[in-house]
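To start, the structure under review is shown below, and the notes come after it.
Every chain is numbered from 1, with letters handed out A, B, ... down the list of sequences.
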Amino acid sequence: MGPYPITNKALMTQADNLKRIWSTLEKVPAGKVVSYGQLADLAGLPGRARLAARALRLAPAERALPWFRVIGANGRISIPKESSGYQRQMERLRAEGVMVNNGRVKMSEYQWQPDLSELLWQLNF
DNA sequence: TGCGTGACGTTTG
DNA sequence: GCAAACGCCACGC
């Protein structure tokens, strides 16, 4: 967390950006999913979907973030289907009641739609 | 100093 | 549904 809570590029370090994304990800409730772009948006980093993806790769394991609740905006799991991560993600999602068919989730049903003012209140970057 | 590469996204055809 | 063309930008080389 930098000294300034505003997305002023000149004052935000990459470490700050990653922390913002991780903090926001922690707020995604079980049984719901968010897209990479949505996660970045909610973290105050509009248009930074790729950064959200990067943040997941770099996420510290001990933080136990719900990385599996992040999928592509098209509702598909974005990890190569031949990878073990693909299977793990599908299992974790199903374990909390999310229906996954052919690596795909129905966004209209499972996408998290947080109350923005409430989220802003909870987050303390 | 480029330049290619990404667990990405939107628009257009 | 699919593919191409952009847009985005941190990072490694």
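In this structure, CG of Leu45(A) is placed 13 Å from C1' of dA10(C), rounded to the nearest angstrom. Separating the CG atom of Asp41(A) from the P atom of dC8(B) is a distance of 15 Å, rounded to the nearest angstrom. Atom CD of Glu82(A) and atom P of dA7(B) are 12 Å apart (whole Å). dA10(C) atom P lies 17 Å from atom NZ of Lys19(A), rounded to whole Å. Following rounding to the nearest Å, Arg54(A) (CZ) and dG9(B) (P) show an atom-to-atom distance of 17 Å. Across the protein-nucleic acid pair, Gln38(A) atom CD and dC8(C) atom P stand 21 Å apart, rounded to whole Å. With rounding to whole Å, Ile79(A) atom CD1 is found 9 Å from dC8(B) atom P. Spacing between atom CZ of Arg20(A) and atom P of dC9(C) amounts to 15 Å, rounded to whole angstrom units.
Where Leu18(A) and Ala49(A) meet DNA chain C, the nucleotide closest to each residue was compared, and Ala49(A) sits on the side nearer the 5' end.
With Gln89(A) contributing its side chain and Val70(A) its backbone, the two residues share a donor-acceptor pair below 3.5 Å. Between the side chain of Arg69(A) and the backbone N or O of Val28(A) there is at least one donor-acceptor pair closer than 3.5 Å. A donor-acceptor pair is defined here as one N or O able to donate and one able to accept, closer than 3.5 Å; such a pair exists between the side chain of Trp22(A) and the backbone of Ala55(A). In this structure, Arg76(A) contributes its side chain and Arg104(A) its backbone to no donor-acceptor pair below 3.5 Å. Between the side chain of Ser23(A) and the backbone N or O of Lys19(A) there is at least one donor-acceptor pair closer than 3.5 Å. The closest donor-acceptor contact from the side chain of Asp115(A) to the backbone of Glu118(A) lies under 3.5 Å.
Between dG7(C) and Arg50(A), no contact under 4.0 Å exists linking OP1 or OP2 to a side-chain N or O. Note on Arg57(A): every side-chain N or O is 4.0 Å or more away from OP1 and OP2 of dG6(B).
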Report task. For Glu96(A) and Lys32(A), run salt bridge (charged side-chain N to carboxylate O under 4.0 Å, His left out): C-alpha distance rounded to whole Å, both residues' side-chain angles, the deciding distance at 0.1 Å, then the answer. Result -> CA-CA 9 Å; Glu96(A) 50 189 47; Lys32(A) 287 294 176 183; over 6 Å; no

Requested in this report: Would you sort out whether Asp41(A) and Gln38(A) count as a side-chain hydrogen bond (donor to acceptor under 3.5 Å, both in side chains), showing the intermediate values?
Outcome: CA-CA 5 Å; Asp41(A) 287 349; Gln38(A) 181 191 4; over 6 Å; no

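A side-chain contact (heavy atoms from CB on, under 4.5 Å) with Ile21(A) is found for one member of Leu51(A), Leu65(A), Leu58(A) and no other, namely Leu51(A).
For the P atom pair drawn from dA7(B) and dC13(C), the interatomic distance equals 16 Å after rounding to whole Å.
Across all strands, Ser83(A) comes closer than 4.0 Å to no nucleic acid atom at all (heavy-atom distances).
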Between the protein and nucleotides 1-3 of chain C, which nitrogen or oxygen pairs are less than 3.5 angstrom apart?
residue, atom, partner, partner atom, Å
dG1(C), OP1, Arg104(A), NH2, 3.1

Query raised in the report: Using Watson-Crick and G-U wobble pairs with both distances under 3.5 Å, what is the 5'-to-3' dot-bracket string of DNA chain C, with [ ] for crossing pairs and | for pairs outside the strand?
Result: .||||||.|||||

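Of the listed nucleotides (dC11(C), dC8(B), dC8(C)), dC8(C) has the atom at the smallest distance from the side chain of Arg48(A).
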